[in-house]
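See structure below.
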Amino acid sequence: MHEKLIFEHSAPGRSADAQYPRVPVEAPVPAALRRASPPLLPEVSELQAVRHFTRLSQLNFSIDTHFYPLGSCTMKYNPKACNQYAMLPEFINRHPLAPESTGQGILQILCELQDMLKEVTGMRGVSLTPMAGAQGEFAGVAMIRAYYKARKDFARIEIIVPDAAHGTNPATATMCGCTVKEIPTLPNGDIDLDSLQAAVGPQTAGIMLTNPSTIGVFERHIDDLRRIVHEAGGLLYYDGANLNAILGKVRPGDMGFDVIHMNLHKTFSTPHGGGGPGSGAVGVSERLLPFLPVPIVGRESDRYRWLDEKDLPQTIGRLSNFMGNTGVLLRAYIYMRMLGRDGMQRVSEFATLNSNYLAARLRVAGFELAYPERRASHEFIVTLRHEAHEWGTNAMDFAKRLLDYGFHAPTTYFPLLVPECLLIEPTETESKEELDAFVDAMIAIRHEAETEPDKLKGAPWTLPVRRLDDVRAAKQLDLTWKAA
Amino acid sequence: MHEKLIFEHSAPGRSADAQYPRVPVEAPVPAALRRASPPLLPEVSELQAVRHFTRLSQLNFSIDTHFYPLGSCTMKYNPKACNQYAMLPEFINRHPLAPESTGQGILQILCELQDMLKEVTGMRGVSLTPMAGAQGEFAGVAMIRAYYKARKDFARIEIIVPDAAHGTNPATATMCGCTVKEIPTLPNGDIDLDSLQAAVGPQTAGIMLTNPSTIGVFERHIDDLRRIVHEAGGLLYYDGANLNAILGKVRPGDMGFDVIHMNLHKTFSTPHGGGGPGSGAVGVSERLLPFLPVPIVGRESDRYRWLDEKDLPQTIGRLSNFMGNTGVLLRAYIYMRMLGRDGMQRVSEFATLNSNYLAARLRVAGFELAYPERRASHEFIVTLRHEAHEWGTNAMDFAKRLLDYGFHAPTTYFPLLVPECLLIEPTETESKEELDAFVDAMIAIRHEAETEPDKLKGAPWTLPVRRLDDVRAAKQLDLTWKAA
Amino acid sequence: MPFIPHTEDDIRTMLEAIGAPDIDALFEEIPANLRAPGLPGVPPALNEMEVGRLMADFATRDGRPLNFIGAGAYEHHIPSAVWSIVTRGEFYSAYTPYQAEASQGTLQLLYEYQTMMASLTALDISNASLYDGASGLAEACLMAVRANRKSKSQRILLPVALNPTYRDVVQVIAGNQNIAFELLPYDQKGGQTLVSALDQYTGQDITAVALQQPNFFGTLEDVDAATDWAHANNALMIGVVNPTSLAVLKPPGQWGKLGADIAIGDGQPLGVPLSSGGPYFGFMATRKEHVRQMPGRIIGRTLDLDGKSGFTLTLQAREQHIRRAKATSNICTNQGLLVTAATIYMSLLGAKGLAQVAATSMQRTQQLVDALTRVPGVRLAFDRPRFHEAVLLLDRPVKPVLESLARRGIIGGADISARFPSLGAALLVCATETRTLADIDTYAQALTETMRNSAAAA
Amino acid sequence: MPFIPHTEDDIRTMLEAIGAPDIDALFEEIPANLRAPGLPGVPPALNEMEVGRLMADFATRDGRPLNFIGAGAYEHHIPSAVWSIVTRGEFYSAYTPYQAEASQGTLQLLYEYQTMMASLTALDISNASLYDGASGLAEACLMAVRANRKSKSQRILLPVALNPTYRDVVQVIAGNQNIAFELLPYDQKGGQTLVSALDQYTGQDITAVALQQPNFFGTLEDVDAATDWAHANNALMIGVVNPTSLAVLKPPGQWGKLGADIAIGDGQPLGVPLSSGGPYFGFMATRKEHVRQMPGRIIGRTLDLDGKSGFTLTLQAREQHIRRAKATSNICTNQGLLVTAATIYMSLLGAKGLAQVAATSMQRTQQLVDALTRVPGVRLAFDRPRFHEAVLLLDRPVKPVLESLARRGIIGGADISARFPSLGAALLVCATETRTLADIDTYAQALTETMRNSAAAA
Ligand SMILES: Cc1ncc(COP(=O)(O)O)c(C=O)c1O
Ligand SMILES: Cc1ncc(COP(=O)(O)O)c(C=O)c1O
């Protein structure tokens, strides 16, 4: 299936006339500020637009159509109710600056969401404003910096990250004006505490940690690790992208973390939308409370109101023009209310069950697990180094061939420390049958790798396009369409 | 793409638990009336259901994805606004028996719709209750019968239909207890008035006519035809499935018709939903007013209320449990308001332009038009008798091969009087580019018919299934799934 | 031009290809004396924004009162997933699946639906829908006449306790074909149809007997006895059923010794919103041997050229397209999209969920009855087991009470006193699983006040 | 179990395959002292029906007042087609298109979006979105520092007439990297930024100048002069723009002699509902030569193994996945779904529709200003040409007036007096094409009464 570009459906003078004011109005713009020629927007009928974008949508894999075990991304079912009730006219037509008296309903929702997130994380305060995980990280590291600045401890600008960390961790540290120090992971998946001990010092602002880490195992020596960092005077940052693994089982606050961001668009199942929006709500321990980004919802007897710079004079400030991705927050709230306290625990239980089951079955089928002696968390890593070495079929080849079998590929080549890796996260919402079918596909592909490796190297064969040339894309940049 | 049956996704004990009351309740049913074993409904998770039905949907052609020139079906764009505003919570949650005082909004809408349909058809009264075209026909013929019964003219039970008539016409006549007399169409597409003259008599209840007829031409001698039937004491029924052809150009009421049904799900663009719902509103001339089916909306100064048997004691009565397919009526209303008086005229103009253009291009390309000397109405017929005769590729083969080219097939083998026919109705919402692409496909297929006829006979090749065995379906009935 | 893609250039080129000077020329075959002068009576166009505002204004005017009416249309929870999938363009904007290969989505879904309905009714087969329950019963009566070869009388027995509008509709639709309908009375104390009333027909030529379970009053009927009587007297048994109830009630296919022959009903409770009256859909199921007498579309599974299984419309030879004047029915367009909703709904709820909905609705109605009959001036009409509706008798006319409740935002039930004058001031109420105890309390309080005030006024 | 498909059988089989006695054993690596005792503080589960009712109750409480605020988020008509397509599962529930071949729908759409935004801003290229306009400006400032190799100062000039929250956010995000922001004052009479204020910086090392068009007050800025000044002084020019306005206003790429270097803004007006504050999206466009300094995802067209064209994420080497601590930004997840909405919106409106929206909004705001300034105690703050917002000055504090209007169902504007104390009691109002003359009249009357009553009370 091929779909032309929308511009190729365009014809001068055509338009979806029902969609804008009919009476022609001349914009009273002074000549010097007026646009000279119209922008190149498509000129199509409403049907053409609907048909084009509907057809485009069908070219995607998605949770609603495919198993999507993309590690570190928690691609679970997004309940339709979350969308339906978040899109109630009163919520989506509300202007963010309307008086609080006209928004007590939504303020109560957000306040309750803050409270539930505190409970889930074991933190003391929560701010919902960060608009994605990375912005949550930013808020977190910025709070750490603000904390030290407030203590006049200006030397602490170094952020430690394990080599398995997600790229946003070091990138965030840099954005916050910190320097980054990387420490290695041991072959057993735990962090090398000796290296950590060696790395900390009076320059240490903190460590950013995902636990379970992005290699899919729980850091067993978290107590020691915390002690080392805290004793060195640093703070502990919890990258909560993987909260799906531990919901109700262990709380970052109880582990001693000082600050956390949560990817509500993962654990709390707001959709990922083909690239967002997300929400990176942050939680903090007592000592970072004053620095939370604003606005935050406060309750005063039975009234709710926004707390701002006046209420939190030490706040790191604002990260968005209003109060973050409210629509995403509504979806997370609805999801959490439908799960309730027991449902949330089940999330981590069944995410972990699915992950360990899939790992066990793949191992039996002859695949090499990167950390075979460890319990998998909600995700785990297969390394295809043997397959790559023996048959020349690498992780990318397996990934692309999986698409032909009707499965979205796991995350490939991340974390970077495991060669030819597939990071596989089935999530709790997938059935055993789906997992079994995935294993069957992996086995079949492995057989192909041995007997007909070109089937993998040429894959995918059945999708709208064959394998795309990424090198060409970057070298011969073609980023916008131009009329022929 | 293949999708298992929903039952094959099922596993005992699985369910979408968020969707029903959690607290187990035992139904207090006396033992003798209790169900002994549960019905075989699927046991699937919410994700499984969503994924299954989403994937199923992708196996369909539809207006939103494909050009769909199905003659007599008026597959035009269904504006998304019609669905959105018809689904406002107040409308869809309203109980039909709620007091009229709580439904003045919707009653006003329906009343205005009645008025617009009167204007569009030139009839004196309208009832919105019939739930599809065929039920509108039923109401129409039932009114004719009621009219004669009221006049004690019991002999008039014969309904005349042209041979080109849609199957619902004769079937309806039978359901109303009438007998059916068929009259032929002339080679030029007009009705054979001599046969008509010969057919009418004291037994004639009326004639059912589509104009333009289902062969896609306007009956030029409609004045004579009307005279013949009226002089014989019969009434004229207008099958308004094809109103798209004449909107604002000529009105059935002005042509002298006594009763009409309208397929709102065609001309007024409510969606067809893969088989309905429709709406077959009926309009009548003065003399049939007392017989309209109830309920009808009446206005009394600024109040609206339902008129029922008490208001229309001679009514043929009720055709549905409430007031017909209200949701469909809302969509038609919204569509009509967005078109307005000028937009409605444009409908017939551009539907006719598209049809004549497509006919002209196909003729130039070597296809035989069934009525080449006539103007096409909103649809027209191609006969593939030469192609069938010379290359053994019949209309069905062309239809199936068109699917491979990404076009829904036109209506095939209807009307029955034209051999190997394709009844093609492009509608006004398709662009010239789309029509041109269709012509290109027809030309390519014709070339294949000549050079590689098996490409047609084996078609389709690229759809979820190859050509299906209809004979087997009817002979070895498999109408429900049974667990293996 | 709204919804029309033609540019000036397109129009010119197209007219040239046609060889017509202008668009008007395309209409030249219409006699000049008949040409309409446009449509001055239709209002000018609004754009989508304006029409959206207009519709929102209408809707706001009608509001969202708290509903306690059933009477043939039931307010159940509808999972968000249902309509978000139903309104996908591929389902919403497709036609009847005439080209099977290009409509496998709809066809497979309908096959799944047929399977579910057959199982729910405990009959062999189901069609792909009729318009609604009322017209469906008319079709069932016509079908019974065709299917019951042993009977020549065209006499069909209908209960008085049947939904009275169903009776009206049956009369209108089947009445033109000389079918005689005779009425079976109900017990004034229990509300159930008097099976003993069948005795007078024993030995006569009766084509069919219909029974509604639960009946219009919500009362449960003695379906076994009636079914056995019918079969003993060579009559077919037609069961008119509420699909939700079938999760807990004995299905028609198991009524009596042999089971009912035809089951029909309104599918609205299965995921279709109240929608101010429609569109809903009628379902029909029957035994294998009657399949060729069944009206409506039927989907069959078959094989394609490669031997792969697929789905297609089948037994079309019964239908009007082919059979024309001899068709089993004139129905063509049915209620496909609503069936789509019902199929998704049943898949989500499963047997367990549907039973929970049924049982909870029964419980809620009992709670409602308990609360309302505590209000002075209100008593219960019938004492027999019921499903999720009940008839209450008031000590004063129903209509003003309902109007007063409506002003308080409560739709208090259906006034059935005009249709059942012998009952007096009768109010049919319903509470499904969507009504909370708080809702019931709100109603009871409002009714108490209403009754107090109007009593005071009287 | 809501959203979990496991049967008891499944669980047993799976645990066997794993070799674990129970699910709890899977968590055995978590130190016992850290194990949480569940989540008692989270309320128990509601089913979908209950949560639907709850949300509807919250929503009803907030109501649907008539809105006259803009201030960075604008209420425009959104065609129904937009969100009915955006919420299709294939768009809604897909991840970032890492597997290009399985994500051609999203990728092609983003490529189309980039083309539209480049054209709308009259710049060469666009990224695939940032979080919002405010954080987008922060990214633009950081990018300017990277891109302007001639400048070492990290000094950036921002106008006071810039949306004040944008200024706050820029400070928070870019402030940690030692960028110094200096402020350009505005003309008290016209509301436009004083280009003459740039003179004092002539010859200094300035990294970039930003100007918002229209500015926060709605006033149109002299963008040409500012841009030319920037380029003459080796500074980059950053244009902060409202995308709707670009249908009628000179686009950043054409400001001054050379055009602005970076355009950023909030894409919300393009088909994204107000949504109580978000999600919206930030857009960014720039010149070709800066592409490797641009933050955010970029989609490129390339060829597949068969030479067929397709789309893929490109230039990922700038991003955190690969570049880690040296990435152009930490942004990863962006606002893809909103971009989907905007792309469909722009396709439906086209250049003509967007210009009509812009022009009608300007007209409506003028009509609003005319109507409101007729109310005693209300006058217009600035006399220069504006887009679709205006600052009104009241003769009394703004907040109580807004509260009083809110009680009448009117959201009367944004109180900007705290952020711009020198203006006094300043109210920023906006009327887009969605406000009718009747709406404006309703507002004017309510304001008249409010002012009369509070004056009387004073
Ligand atoms: C472990 C981890 N940390 C951080 C992030 C960043 O989150 P976001 O993409 O929402 O910015 C992600 C997700 O991509 C992640 O997987
Ligand atoms: C000419 C004609 N008449 C009548 C009908 C029957 O309408 P419906 O399918 O709505 O019952 C149709 C449509 O199928 C038709 O095309």
Side-chain angles (χ1 to χ4, degrees), chain B residues 15-16 19-21 25 27 38-42 49 56-57 59-64 81 85 88 90 92 94-96 98 105 119 131-132 134 167 170-172 177 180 218 273-278 317 321-323 325-327 340-341 352 356-357 360 431-432 463 465-466 473 478 480-481, chain C residues 5 10 14 18 26 29 39 41-42 44-45 48 55 58-59 61-62 69 79 89-90 93-94 96 101-102 104-106 115 119-120 131 134 172 176 248 273 275-279 300-302 304-305 310 314 320-321 324-325 327 330 333-337 347-348 350-351 353 356 359-360 411:
Chain B
S15 82
Q19 298 307 341
Y20 50 82
V25 177
L40 173 78
L41 298 184
L56 278 193
S57 78
L59 305 182
N60 274 357
F61 280 33
S62 68
I63 276 296
D64 280 9
Y85 298 120
L88 289 176
E90 290 84 353
I92 62 168
R94 178 178 162 71
H95 195 289
E119 169 75 7
M131 291 179 286
T172 298
V180 176
F218 191 85
N321 196 21
F322 298 108
M323 45 287 282
N325 285 340
T326 314
R341 60 171 75 112
T352 304
N356 280 280
Y357 173 70
S431 66
K432 175 173 175 295
L463 269 72
V465 288
R466 298 277 312 283
D478 173 356
T480 59
W481 179 82
Chain C
D10 290 341
M14 293 170 82
I18 297 167
L26 304 177
E29 294 190 0
L39 299 166
V42 171
E48 185 185 307
M55 296 304 286
F58 280 130
R61 212 192 296 167
D62 291 354
I69 315 188
E90 298 94 323
S93 75
T96 299
E101 298 84 359
Q104 286 296 297
T106 289
T115 304
S119 170
L120 201 58
Y131 300 131
V172 172
N176 273 313
V248 297
S275 310
S276 315
R301 182 155 62 167
T302 184
D304 75 359
L305 279 179
T314 193
Q320 27 68 34
H321 276 304
R324 300 178 73 85
N330 70 341
T333 291
N334 56 25
Q335 307 282 116
L337 202 65
S347 301
L348 286 168
Q356 274 288 92
T360 308
I411 305 298

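Protein chains get the first letters and strands the later ones, always in sequence-line order, with residue 1 at the start of each.
With rounding to the nearest 0.5 angstrom, the OG atom of C:Ser119 is 4.5 Å from the CG atom of B:Leu40. Taking CZ of B:Arg466 as the start and CG of C:Asp304 as the end, the distance is 7.0 Å to the nearest 0.5 Å. Distance CE/C:Met55 to CD/B:Glu90: 10.5 Å, rounded to 0.5 Å.
C:Gln104 and B:Asn60 make their closest contact through N-OD1, 3.8 Å (heavy atoms, listed as atom of the first residue, atom of the second, distance). Here the closest heavy-atom approach between residue B:Ser57 and residue C:Glu90 is recorded as O-CB, 3.0 Å. Here the closest non-hydrogen pair linking B:Ala132 and C:Thr333 is CB-O, 3.8 Å. Heavy-atom minimum distance, B:Trp481 versus C:Arg301: CD1-NH2, 3.9 Å. Residues C:Gln335 and B:Asn325 approach most closely at OE1-ND2, 3.3 Å, considering heavy atoms.
The closest side-chain heavy-atom distance from B:Thr326 to C:Ser275 is not below 4.5 Å.
In this structure, chain C has a heavy atom under 4.5 Å from the side chain of B:Val180, while its backbone stays farther away.
The greatest number of non-hydrogen atom pairs below 4.5 Å with chain C, out of B:Ser15, B:Ala49, B:Ala98, is found for B:Ala98.
With sequence neighbours left out, the salt bridge (Lys or Arg N to Asp or Glu O under 4.0 Å) criterion links B:Asp64 to B:Lys80.
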